[in-house]
Amino acid sequence: MVSSDQLPKNYDFAEVEERWRNTWRDEDNFFDKNSKKPQFIIDTPPPYPTGNFHIGNALNWCYIDFFARYKRMKGFNVMFPQGWDCHGLPTEVKVEELNHITKNDVSREEFRRMCRELTEKNIAAMRITLRKMAFSTDWSNEYITMTPKYYSKTQLSFLRMLASGYIYQSEHPVNYCTRCETAIAFAEVSYDDRETQLNYFDFDGVEIATTRPELLAACVAVAVHPNDDRYHKLKGKSMKVPLFGHDVPVVQDEAVDPAFGSGAVMICTFGDKQDVHWWKQHNLDLRKAIDRQGRMTAIAGKYQGLDTTACRTAILDDMKAKGILHRQEKLAQRVGTCWRCKTPIEILSERQWFVKIKPDEIQKAAHQIAWYPEHMLRRMENWVDQMEWDWCISRQRIFATPIPVWFCKKCGEMTVPDEKDLPCDPTLTKPKHPCKKCGSTEFEGEVDVLDTWMDSSISVLNVTHWDGSGKPPYFPAQIRPQGHDIIRTWAFYTILRSVALTGSKPWDQILVNGMVLGEDGFKMSKSRGNIIVPEDILVKYGADALRQWGAMGAATGSDIMFNWNDVVAASRFQTKMWNITKFALIQLEKGGFDKNTEITALADRWLLVRLSDTIEAVTTAMEEYQFDVALKAIREFAWDVLADNYIELVKGRLYQQDGSRAGACLALHTAFDSLCRMLAPFIPYFAEECYSYLNPGQSVHKQPWVSFTYDDDAARKEGNTLVQVVAEVRKYKHDNNLALNAPLGKVTIYAPHSVNDEGDTGRTINADVHWRTDVAKLDRAITDIDFNRSVVGKTFRKDAQAFMDAVRALSPAELEKPPKTIKINGVETPLPADAFTPKFSYMEEGAKVDVLTVGDVIVTIAKKE
RNA sequence: GGGCUCGUGGUCUAGUCGGUUAUGACGUCGCCCUUACACGGCGGAGGUCGCCGGUUCGAAUCCGGCCGGGCCCA
């Protein structure tokens with residue numbers, strides 16, 4: 001044990017946190033392949049390496065670290081890997097910005113090198129924050145998706161899904177961002193409100209309303225509702241498209257809303273998702289009027305080369321000139337945009353690669369996973385239910401995993417590399433064998449690359465070593481922690497891929513955390529100026545305070561508002577705990593403690609039973625990932641039970657030098673040791689620091705989770721009463737304008753059982769205290785009756801009111817000694833025990849005393865003259 | 001328009017498979033520098049638990065409707 005005078009007066013988080021950060025070793029957190037302990041593998045989210053670990057990440061990682069540390073203490077072989085999801089557009093855009101280039105100004109290889117370089121720099125910066133936050137990362141299982149080691153696994157998964165028929169290529173309409181020049185998946189489409197114009201014009205004699213006149217060249221049909229009398233005559237006819245002159249059929253479809261516009265709509269390839277539906281349904285022509293850059297194609301005739309906006313203006317002008325534009329109306333509209341650049345997306349028909357979505361097997365696997373909180377499963381169900389198209393996985397970009405496929409230049413046959421030859425960039429290398437179909441050795445490598453979700457959706461397969469021979473040795477993982485914003489992407493794609501590649505669910509449990517909102521209650525954003533970065537909090541209050549905010553800010557799973565108050569309160573709790581540590585050390589070094597001391601004093605028994613209750617509650621909460629409940633219970637025990645009540649009760653005894661202090665020393669040590677262990681997952685630096693003073697050279701993080709139990713119902717009840725008696729006496733002093741340490745004279749406590757308080761009560765309230773079990777010899781009168789409504793209501797139901805009236809009508813003697821039955825509404829009814837308690841007022845003969853009652857305990861106070 | 005979720009003192013929040021006086025923090029007011037702690041202790045004030053209706057002896061809690069936030073999706 002370290003001497004108490006070596007403890008600094010104040011807790012210096014900056015010094016302590018840095019010291020332990022430099023002391024702890026990475027190896028202590030490594031997953032042990034040879035361990036016999038049960039495994040607990042965490043499918044940690046690989047963040048996008050922006051260079052800044054933001055507060056949302058911090059919350060997510062706090063949760064992970066809480067249970068990772070808890071599970072280690074509970075005897076699990078924990079893997080807490082750290083991944084980095086590198087590929088994708090944001091980095092490409094950043095590289096273009098920083099170097100003042102566009103991707104086409106340098107070679108693909110050079111551009112990739114620039115992206116890798118930036119990413120490495122960003123990862124290095126983020127690792128520093130992770131370490132400062134004291135996350136118990138398993139750095140031996142770090143993965144970086146842009147490395148050949150990782151993306152060869154992405155490619156392997158691609159080849160296997162290609163072989164099993166999950167992956168196919170096809171020409172199909174896809175969401176396309178013409179600014180980024182790439183296809184995107186539905187999950188990457190966001191929706192913005194905007195106002196547009198609905199244009200009514202003459203279409204070969206019929207009025208049609210459209211918001212997208214520029215697509216006239218791509219018109220392939222006119223649709224009307226089958227029951228719309230106005231257009232019966234058009235059935236089976238064809239019509240001539242104005243300005244362009246090609247003929248299109250008239251089709252009938254229930255989905256046409258006769259009340260919208262003129263009730264007749266033009267179908268174009270493609271204005272929106274509905275057009276795609278109709279196009280498939282009615283087997284219509286394909287007319288591509290917009291190219292990958294968002295410009296009009298040759299099919300648009302004289303409008304060729306214009307962008308869509310210019311084309312719209314030109315066509316409307318021409319309509320006006322021809323006199324066929326009837327009128328224009330304003331229309332509120334939701335438009336799909338690229339999540340990254342906010343450019344409105346186009347639906348283009350393209351040859352792309354797709355992954356088959358099989359809703360049933362995804363639903364089945366999703367239901368085999370335990371969701372925390374449970375209702376988050378609904379989001380997955382709803383998303384899977386409304387999937388219409390397969391997942392488009394090809395992207396026309398550069399910084400991403402290459403699609404490992406070649407096509408024969410002669411016959412078009414597809415060739416793939418052997419699994420052992422991965423990774424592979426087909427744009428740089430050639431297949432090892434000639435074309436199987438025609439024998440040619442001339443190949444063209446696929447230039448498209450993979451959606452980054454193809455990388456990250458195998459994170460769990462990667463950490464469980466799925467690519468090893470045979471069955472994945474560690475698969476499935478135990479838990480996936482993630483935010484609810486990416487349920488429809490990361491969680492969805494992971495389940496899909498896991499089922500496709502292994503036939504099984506990816507994890508046993510999924511823990512979904514909420515979003516972090518700014519102090520003003522809104523989503524953090526640059527424009528609102530409400531962004532809080534973890535580094536700010538680390539500098540001002542330290543990692544432990546930030547971690548406490550993460551645990552206590554809100555119930556697990558709900559959105560959490562950032563609040564400096566919570567951080568300040570967390571830091572104050574540490575100050576309080578620091579002082580408890582100093583007190584414990586000062587007391588324990590006086591004579592140590594003996595594990596075999598018999599605990600007899602009520603206060604000591606009470607502390608131990610309350611500790612036991614707390615440990616049980618905290619353990620239950622940890623098992624359910626209710627970190628707010630767990631930390632709240634710990635804080636309450638430390639501050640309220642231990643510091644404000646227990647220590648106040650026994651400090652007088654501890655100051656003495658006789659044998660009566662031994663029990664208090666043991667109780668104090670037990671509580672303090674347990675607190676350090678329970679706090680270890682939440683505030684690892686602080687818990688380590690406190691623990692180290694009592695146990696030099698030992699780490700609290702290598703200790704098992706607390707298992708202390710203490711069963712003593714009487715101590716719980718009597719101790720609570722004792723605490724209340726002290727509180728009542730303090731209030732009495734307060735009400736009588738007495739100082740809290742004012743001497744009180746003789747105080748008699750009449751309790752139902754004899755109590756051994758070792759003199760604690762008398763010293764605490766500064767009085768000459770006498771405990772008695774006999775009945776107080778006082779004149780008393782009944783002033784009121786307390787009913788126990790939970791008993792009365794359950795027993796009498798409708799007659800509860802009548803019962804209470806009947807009791808009030810009893811004589812004082814009957815109230816003190818209740819009869820067996822009571823007459824309610826004229827019926828003799830059994831009188832249940834505990835239905836009511838009479839309230840008495842007491843007077844002692846002659847002597848002037850004040851009387852306090854606490855439950856069934858009576859306290860008389862004879863004031864000192 | 002649909003789905004999910006939330007609405008509790010000035011602010012944030014616990015409680016939500018009904019049950020005695022609705023939890024805690026911050027703020028606020030009063031008293032107290034008691035040998036761990038004034039970054040503290042003790043005590044107080046402050047709430048028609050969004051609104052309306054229903055079920056019940058009893059509703060913050062269950063049911064229905066409405067109003068208002070947030071998120072996801074059409």
Side-chain angles (χ1 to χ4, degrees), chain A residues 4 7 9-11 186-187 189-191 272-274 334 336 373-383 385-388 483-488 514-515 517 519 521-523 541 552-555 557-587 626 628-629 632-633 635-636 639-640 642-645 647-648 651-652 654-655 668 726-727 729-735 737-742 763-764 766 786-804 834-837:
Chain A
S4 63
L7 263 78
K9 180 162 170 53
N10 295 312
Y11 180 73
F186 268 110
V189 178
S190 58
Y191 295 85
D272 58 20
K273 239 164 99 181
Q274 184 63 50
R334 275 201 91 126
E374 213 185 331
H375 68 80
M376 291 296 178
L377 171 59
R378 297 288 96 71
R379 297 199 183 194
M380 176 63 77
E381 290 174 337
N382 294 343
W383 177 245
D385 270 349
Q386 52 95 64
M387 293 301 310
E388 291 182 67
H484 64 61
D485 55 331
I486 50 174
I487 287 175
R488 68 197 176 111
M515 301 292 104
L517 307 174
E519 277 201 291
F522 292 98
K523 207 177 212 171
Y541 294 95
M552 294 265 285
S558 51
D559 289 350
I560 167 171
M561 223 184 280
F562 180 77
N563 189 348
W564 280 107
N565 269 345
D566 290 345
V567 179
V568 173
S571 148
R572 280 193 198 160
F573 170 66
Q574 284 163 203
T575 302
K576 189 71 187 180
M577 262 312 287
W578 183 242
N579 284 302
I580 293 173
T581 305
K582 279 197 288 183
F583 181 81
L585 209 54
I586 290 166
Q587 297 312 322
Q626 295 178 332
D628 57 327
V629 174
K632 212 165 281 179
R635 277 206 211 173
E636 191 187 311
W639 206 317
D640 186 49
L642 178 60
D644 289 349
N645 286 307
I647 290 179
E648 288 304 320
K651 69 205 284 187
L654 284 164
Y655 294 155
L668 187 61
V726 171
V729 172
R730 279 181 186 146
K731 191 164 177 243
Y732 169 87
K733 286 186 174 179
H734 190 266
D735 292 347
N737 285 324
L738 294 168
L740 284 178
N741 58 351
R763 284 184 294 264
T764 304
N766 195 11
D786 275 345
F787 287 98
N788 184 339
R789 290 180 176 272
S790 63
V791 172
V792 173
K794 261 184 202 148
T795 313
F796 296 101
R797 305 276 161 190
K798 275 182 211 231
D799 299 324
Q801 204 56 47
F803 168 77
M804 291 192 284
D834 304 327
F836 65 88
T837 319

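Lettering follows sequence order; numbering is per chain, from 1.
- To the nearest whole angstrom, the two P atoms, one in B:U21 and one in B:C49, are 14 Å apart.
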What N/O pairs connect the protein and nucleotides 21-29 of chain B at under 3.5 Å? Give each pair on its own line.
residue : atom : partner  : partner atom : Å
B:C26   : OP1  : A:Arg572 : NH1          : 3.4
B:C26   : O2'  : A:Asn565 : OD1          : 3.3
B:C26   : O2'  : A:Asn565 : ND2          : 3.0

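- Straight-line distance between the C1' atoms of B:G68 and B:A25: roughly 26 Å, to the nearest whole Å.
- OP1 or OP2 of B:C32 has not a single side-chain nitrogen or oxygen of A:Lys733 nearer than 4.0 Å.
- One interatomic measurement links the two molecules: NZ of A:Lys9 to C1' of B:C39, which rounds to 10 Å at whole-angstrom precision.
- Relative ring orientation between A:Phe796 and A:Phe803 is described as parallel, the plane-to-plane angle staying below 30° on a 0-90° scale split at 30° and 60°.
- A gap of 8 Å separates the C1' atoms of B:U8 and B:G47, to the nearest Å.
- Rounding to the nearest 0.5 Å gives a distance of 8.5 Å between CD1 of A:Ile586 and OH of A:Tyr655.
- Taking atom CH2 of A:Trp578 as the reference point, atom C1' of B:C37 lies 12 Å away to the nearest angstrom.
- The residue among A:Lys582 and A:Asn563 whose nearest nucleotide of RNA chain B lies closer to the 5′ end is A:Asn563.
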- [ ] Taking Watson-Crick and G-U wobble pairs with both distances under 3.5 Å, convert RNA chain B into its dot-bracket string, 5' to 3', dots for unpaired and | for cross-strand pairs.
- [x] (((((((..(((......[....))).(((((.......))))).....(((((..]....)))))))))))).

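- Using C1' as the reference atom, B:A74 and B:U11 are 37 Å apart when rounded to the nearest Å.
- A straight line from CD of A:Glu374 to C1' of B:U5 spans 15 Å, rounded to a whole angstrom.
- Put simply, the side chain of A:Ser571 never gets that close to the backbone of A:Val567: no donor and acceptor are under 3.5 Å apart.
- For A:Asn563, there are no side chain to side chain donor-acceptor pair (under 3.5 Å) partners, not counting sequence neighbours.
- Looking at every heavy atom in both residues, A:Ala643 comes nearest to A:Ile580 through CB-CD1, 3.8 Å.
- One atom, CG of A:Asp628, and another, P of B:A14, lie 7 Å apart when rounded to the nearest Å.
- Rounding to whole angstrom units, CD1 of residue A:Ile580 and P of B:C37 are separated by 13 Å.
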TODO: Under the side chain to side chain contact (heavy atoms under 4.5 Å, CB included) rule, what do A:Leu642 and A:Leu668 come out as? Steps first, then yes or no, please.
DONE: CA-CA 8 Å; A:Leu642 178 60; A:Leu668 187 61; 4.1 Å; yes

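- A:Ala802 comes within contact range of no nucleotide atom at all, as no heavy-atom separation falls under 4.0 Å.
- Per the geometry, CZ belonging to A:Phe836 stands 19 Å off C1' belonging to B:G19, to the nearest Å.
- The phosphate of B:G41 has OP1 or OP2 within less than 4.0 Å of a side-chain N or O from A:Lys576.
- To the nearest 0.5 Å, the span separating CE on A:Met552 from NZ on A:Lys632 amounts to 5.5 Å.
- Of the side-chain N and O atoms in A:Tyr732, none sit less than 4.0 angstrom from OP1 or OP2 of B:C42.
- Partners of A:Gln587 by side chain to side chain donor-acceptor pair (under 3.5 Å), not counting sequence neighbours, listed by chain and number: A:Lys590, A:Arg661.
- Using modelled atom types, no side-chain atom of A:Asp559 and backbone atom of A:Gly514 make a donor-acceptor pair closer than 3.5 Å.
- No donor-acceptor pair under 3.5 Å is formed between the side chain of A:Lys576 and the backbone N or O of A:Trp639.
- Taking atom CE of A:Met561 as the reference point, atom C1' of B:G70 lies 10 Å away to the nearest angstrom.
- When the P atom is used for both B:G43 and B:G7, the distance is 30 Å, rounded to whole Å.
- In this structure, A:Leu585 reaches neither bases nor backbone, as no heavy-atom distance under 4.0 Å exists between it and the strands shown.
- On the P atoms, B:G27 is 42 Å away from B:C66, given to the nearest whole Å.
- Remark: the backbone N or O of A:Lys9 is paired with a side-chain donor or acceptor of A:Lys582 at under 3.5 angstrom.
- Heavy-atom nearest nucleotides on RNA chain B were determined for A:Phe796 and for A:Ala727, and the one closer to the 5' end corresponds to A:Ala727.
- Across B:G2 and B:A14, the matching P atoms stand 28 Å from one another, rounded to whole Å.
- Comparing B:C71, B:C39, B:A74 by their nearest atom to the side chain of A:Lys273 picks out B:A74.
- Counting any heavy atom pair closer than 4.0 Å across all strands shown, A:Asp644 reaches sugar-phosphate atoms only and no base atom.
- Residues forming a ring-ring contact (aromatic ring centres under 6.0 Å, His included) with A:Phe562 (at least two apart in sequence, or on another chain): A:Trp549, A:Trp564.
- Across the C1' atoms, B:G15 and B:U55 are found 22 Å apart, a figure rounded to whole Å.
- Spacing between atom CG of A:Leu517 and atom P of B:C71 amounts to 8 Å, rounded to whole angstrom units.
- Taking OG1 from A:Thr764 and NZ from A:Lys651, the interatomic distance works out to 9.0 Å, rounded to the nearest 0.5 Å.
- Using a 4.0 Å heavy-atom criterion, one finds that A:Gln386 contacts the sugar-phosphate atoms exclusively.
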Task: Criterion side chain to side chain contact (heavy atoms under 4.5 Å, CB included) on A:Trp383 and A:Arg379, from CA distance to verdict - done: CA-CA 6 Å; A:Trp383 177 245; A:Arg379 297 199 183 194; over 6 Å; no

Protein-nucleic acid N or O pairs under 3.5 Å, nucleotides 1-4 of chain B:
residue : atom : partner  : partner atom : Å
B:G3    : O2'  : A:Asn382 : ND2          : 2.6

